[in-house]
Amino acid sequence: MQLIAMNLGPLKPDPQHVVAAAVLFGSVFFLVRRILPRIDRVLEVRAGFFEEITGGHAAELRSDAERIREKREELLAEARHDAALVRQRAREEGAALIAAAREDGVRERDELVASGQTRIETERASAEAELRGQVSELASALASRIVGEPIPARTATGR
């Protein structure tokens with residue numbers, strides 16, 4: 001049995017293949033025709049749920065998120081204020097500690113200067129007393145060198 005009277009070569013179909021293809025196409029068509037409406041209904045239900053979630057709950061979610069954001073900003077502002085107070089307190093304590101250390105340093109310096117001046121004065125007085133006792137001897141020794149003859153040293157009592 002020939003469906004097409006022309007010679008089409010390899011494109012000429014066999015009648016059994018055409019019948020099998022028609023039967024398979026019809027069965028797939030009826031199967032898809034029954035499944036597609038169910039798929040459409042499921043997609044519509046999903047779209048409805050999505051609209052319900054995003055439409056009704058979205059406003060609640062946005063208000064909750066806004067409230068949480070405002071609370072977070074309040075907490076951050078409070079934390080920044082507390083941090084500024086802590087920094088100010090630390091600066092004041094640091095300045096007080098520096099001033100106290102400076103006062104201690106000035107006091108110690110003054111004590112060292114005073115003790116050093118006292119020590120210098122006592123050493124000067126002792127050196128002066130010692131030199132006064134030796135001045136006549138040193139003067140006679142120097143005069144002896146200059147003159148070339150021994151000159152006796154005078155004592156403070158024997159002028």
Side-chain angles (χ1 to χ4, degrees), residues 3-4 8-139 141-142 145 153 155-156:
L3 294 174
I4 301 175
L8 295 176
L11 295 178
K12 188 173 183 180
D14 286 336
Q16 302 115 353
H17 293 161
V18 171
V19 171
V23 169
L24 286 175
F25 178 77
S27 63
V28 169
F29 178 77
F30 287 115
L31 184 67
V32 168
R33 188 172 177 199
R34 293 188 116 206
I35 292 175
L36 277 180
R38 290 182 185 170
I39 291 174
D40 285 339
R41 280 189 300 235
V42 168
L43 289 176
E44 287 175 10
V45 169
R46 287 179 75 193
F49 283 141
F50 181 73
E51 286 180 20
E52 182 180 323
I53 289 171
T54 58
H57 296 294
E60 291 177 27
L61 292 174
R62 282 190 192 114
S63 66
D64 288 345
E66 184 67 27
R67 188 171 20 89
I68 290 170
R69 186 183 62 80
E70 288 173 359
K71 183 162 182 121
R72 180 186 57 115
E73 287 178 359
E74 288 174 11
L75 289 173
L76 283 173
E78 184 178 329
R80 286 185 187 116
H81 179 69
D82 291 344
L85 289 176
V86 167
R87 279 193 306 268
Q88 182 63 30
R89 213 174 305 129
R91 281 189 196 119
E92 290 170 359
E93 288 176 7
L97 289 173
I98 289 171
R102 190 171 284 146
E103 287 176 12
D104 288 344
V106 168
R107 185 176 31 81
E108 287 179 19
R109 182 200 64 193
D110 291 342
E111 289 174 3
L112 284 173
V113 168
S115 68
Q117 285 178 345
T118 306
R119 193 169 128 209
I120 288 172
E121 288 298 323
T122 57
E123 287 180 6
R124 178 187 286 159
S126 67
E128 188 176 327
E130 185 179 325
L131 283 177
R132 284 191 192 268
Q134 295 177 359
V135 166
S136 62
E137 292 176 17
L138 290 174
L142 183 62
R145 276 189 185 168
T155 59

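To the nearest 0.5 Å, atoms CG (Asp40) and CD1 (Ile35) are separated by 12.0 Å. Taking CZ from Arg80 and CG from Leu75, the interatomic distance works out to 11.0 Å, rounded to the nearest 0.5 Å.
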(request) Test Arg89 against Leu85 for side chain to side chain contact (heavy atoms under 4.5 Å, CB included), laying out the working first. (result) CA-CA 6 Å; Arg89 213 174 305 129; Leu85 289 176; 4.1 Å; yes
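When only modelled atom types and interatomic distance are considered, Glu121 and Gln117 share no side-chain donor-acceptor pair under 3.5 Å.
Side-chain contact between Val42 and Arg38 is absent, with no heavy-atom pair separated by less than 4.5 Å.
Salt bridge Arg124/Glu128: absent, no basic N to carboxylate O contact under 4.0 Å.
Applying the salt bridge (charged side-chain N to carboxylate O under 4.0 Å, His left out) criterion to Arg69, with sequence neighbours excluded, gives Glu66, Glu73.
More than 12 heavy-atom neighbours from other residues, nucleotides or ligands sit within 6.0 angstrom of CZ on Arg107.
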